[in-house]
Number of protein chains: 2
Amino acid sequence: MTPTTAPGTPAEDWLRLDRQICFSLHAASRAFNGVYRVLLKDLGLTYPQYLVMLVLWEHGDLPVKKLGEHLRLDSGTLSPLLKRLEAAGLVRRERSARDERSVEIRLTEDGLALRERALRVPRRIGSATGFDLAEISALRERLDQLTSALDAAALDAGALEDEPGYEGPAEGPGCR
Amino acid sequence: MTPTTAPGTPAEDWLRLDRQICFSLHAASRAFNGVYRVLLKDLGLTYPQYLVMLVLWEHGDLPVKKLGEHLRLDSGTLSPLLKRLEAAGLVRRERSARDERSVEIRLTEDGLALRERALRVPRRIGSATGFDLAEISALRERLDQLTSALDAAALDAGALEDEPGYEGPAEGPGCR
DNA sequence: CACAATTCAGTTGTGCACAACTAAATGGTC
DNA sequence: GACCATTTAGTTGTGCACAACTGAATTGTG
C-alpha cells in the first residue's frame, strides 16, 4: 500500500501522495482526540482542557500568557476554555496585583484533587495505542521534528514558495 | 530530552510523559494545518475543504456518504462544509434521482480547474516538512497504525478500562 | 399492501483553533 | 507629568469536529 516512488512521478500523483499524508495526520489526530474524549468524560474534561490541567499540575499556578506559551495557544482559545474550567470549579482566575494586565490561573482544591483521578489516564492511553514506550518516544520525536520544520516554514513565508532546488521528496537519484 | 524510562516509573511521571506525547501530536496537527492554511489561501480553500477536493479529484463525483467514508467525517461536518464549497462555485449538490435520500456531490468546471493550481501544493508541503519521501512514508504508516489501534480501542470500550496485564508502555523486561 | 427498521442528509448545540480587533495596564522617553 | 509603543486578556466572527436529534426515503418482513 505504500506508494512506491518512480523517479518520474508526475505531478498528478503528488496529489494522491499528499492525500495519503495529510489524511493520515488528520485522522490520527482525531482518533487520538476520540480516545481521550472517552477517557476524560469521567473527569468532566475535554482534551484541550486536560492539556491545560496537565500544565498546571506540572508547573503550578501560571498567568494565561505562560500557559499559552506551554500549549502554543493564544488567548482567543484559552480565555473561554479557562472560563469553563472556572465554571467547573477546577481553577480560579485572579488579576495579578503587581501587573493588572495579567490574569493568574490558580488550581482550586478540586482542581488539584482531580490529578489523582487523572493518574490512570496515561496508562490507558498507552494501552490503547498498542505501542510500547520506545515506539511512542520515536513517534513523538518525529512529530516534534515535523512541528519545528512546519513552524519555521510558516513563519518564513518564502520557504513556502516554489523552491527551484526542491524536486519533491526523493524524486530523483541523489536527492537530499 | 527523551524521557528515559526506569522500570519503576511512578504514576506521576506518566502524566508528564503523557503530556509530552499528546502535546506533540496536538501541536504537529495544528502546525500542519497552519502550513496548509497559508498554502491554500491562494486557492480559497481551508484544509478540510482541500481534503474534500482531493477526494473528488481522485474519485470523481460521489454521494455525501461515500465522501464521509473516505474522510472519516459525518454529515454534521460535511453538510455545512459542502454548502460553502457550493457557494464558492466549486461543487454542486444534487439529489440522486434513484435514491432521493442521497445527495451527489459533483465538481463544477471551476472545481475541476482548481486542480491545476492545487498541483503545486504537495511539493511545497514536502519542502516545508524537511522530510524526504521515505521518512514521510514511514511516518504515515506509523500514524495509520496508531489510528487503527485507537479506533479499535475507542469502539471496544472495554479496551480502555484498566488492563491488569498492561503495566504501562515497556515498563519492565519482556514487556510486549 | 402495511409497517417497522434502516439509511441518509441535514440541523442544533457545544467546544476548540485562529485571525483580527478592542481595551486596559505598563514602561520608556521626552 | 504627557505621550506613545508594547504587553496582556478578552471579544467577535468564521470554520471544523462531533454528539444527538429530526425527517424523509428506502428496504425488509409479514
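To find a chain, count down the sequence lines: A is the first, B the second, and so on, and within it residues start at 1.
What separates CG of A:Leu82 from C1' of D:dA9 is a distance of 10 Å, to the nearest Å. Rounded to an integer number of Å, the gap from CG of B:Asn33 to C1' of C:dC18 is 10 Å. A straight line from CG of B:Leu85 to P of D:dT14 spans 17 Å, rounded to a whole angstrom. What separates NZ of B:Lys83 from C1' of C:dT12 is a distance of 12 Å, to the nearest Å. One can place CG of A:Asp74 at 13 Å from C1' of D:dT12, the figure rounded to the nearest angstrom. The distance from atom CG of B:Leu67 to atom P of C:dG10 is 11 Å, rounded to the nearest whole Å. Atom CD in B:Glu86 sits about 14 Å away from atom P in C:dA9, given to the nearest Å. Following rounding to the nearest Å, B:Leu71 (CG) and D:dC18 (P) show an atom-to-atom distance of 12 Å.
Between A:His26 and B:Tyr47, the angle of the ring planes goes over 60°, which puts this pair in the perpendicular group of the 30/60° scheme.
Annotation for A:Leu51 and B:Cys22: closest pair CD2-SG, 3.5 Å, computed over non-hydrogen atoms.
Mapped onto DNA chain C by nearest heavy atom, B:Pro63 and A:Leu81 fall at different nucleotides, with B:Pro63 at the one closer to the 5' end. Heavy-atom nearest nucleotides on DNA chain D were determined for A:Lys66 and for A:Arg30, and the one closer to the 5' end corresponds to A:Lys66. Between A:Val64 and A:Arg37, the residue anchored closer to the 5' end of DNA chain D is A:Val64, taking for each the nucleotide with the nearest heavy atom.
Counting any heavy atom pair closer than 4.0 Å across all strands shown, A:Pro80 reaches no nucleic acid atom. When heavy atoms are screened at a 4.0 angstrom cut-off, B:Ser102 is found touching the sugar-phosphate backbone but no base atom. Nucleic acid contact class of B:Leu78 (heavy atoms, under 4.0 Å, all strands): none.
The CZ atom of A:Arg106 sits 11.5 Å away from atom CG of A:Leu56, with the distance rounded to the nearest 0.5 Å.
Ranking C:dC18, D:dT8, D:dG10 by closeness to the A:Lys65 side chain, first place goes to D:dT8. Distance from the side chain of B:Ser75 is smallest to C:dG10 among D:dA19, C:dG10, D:dG10.
Listed by chain and number, the residues in a salt bridge (Lys or Arg N to Asp or Glu O under 4.0 Å) with B:Arg101 are B:Asp99 (sequence neighbours excluded). Remark: B:Arg117 pairs with B:Leu43, B:Leu114 by the side chain to side chain contact (heavy atoms under 4.5 Å, CB included) rule, at least two apart or across chains. Residues satisfying the side-chain hydrogen bond (donor to acceptor under 3.5 Å, both in side chains) test with A:Ser29, not counting sequence neighbours, are B:Ser29. A search for side chain to side chain contact (heavy atoms under 4.5 Å, CB included) contacts involving A:Arg115 returns A:Trp57, B:Glu12, B:Leu15, not counting sequence neighbours.
Sorted by residue number, the list of members of residues 40-48 of chain A with any non-hydrogen atom under 4.0 Å from DNA chain D is empty. Scanning residues 88-101 of chain A for heavy-atom distances under 4.0 Å to DNA chain C yields A:Arg98, A:Asp99, A:Glu100, A:Arg101.
Among residues at least two apart or in separate chains, ring pair (Phe, Tyr, Trp, His ring centres under 6.0 Å) pairs with a member in residues 70-90 of chain B are B:His59-B:His70. For residues 71-82 of chain A, the pairs satisfying salt bridge (charged side-chain N to carboxylate O under 4.0 Å, His left out) are A:Arg72-A:Asp151, with sequence neighbours left out. Every pair passing salt bridge (charged side-chain N to carboxylate O under 4.0 Å, His left out) that includes a residue from residues 46-60 of chain B is listed here, sequence neighbours excluded: A:Arg16-B:Glu58, A:Arg19-B:Glu58.
A close approach under 4.0 Å does occur between a side-chain nitrogen or oxygen of B:Ser79 and OP1 or OP2 of C:dG10.
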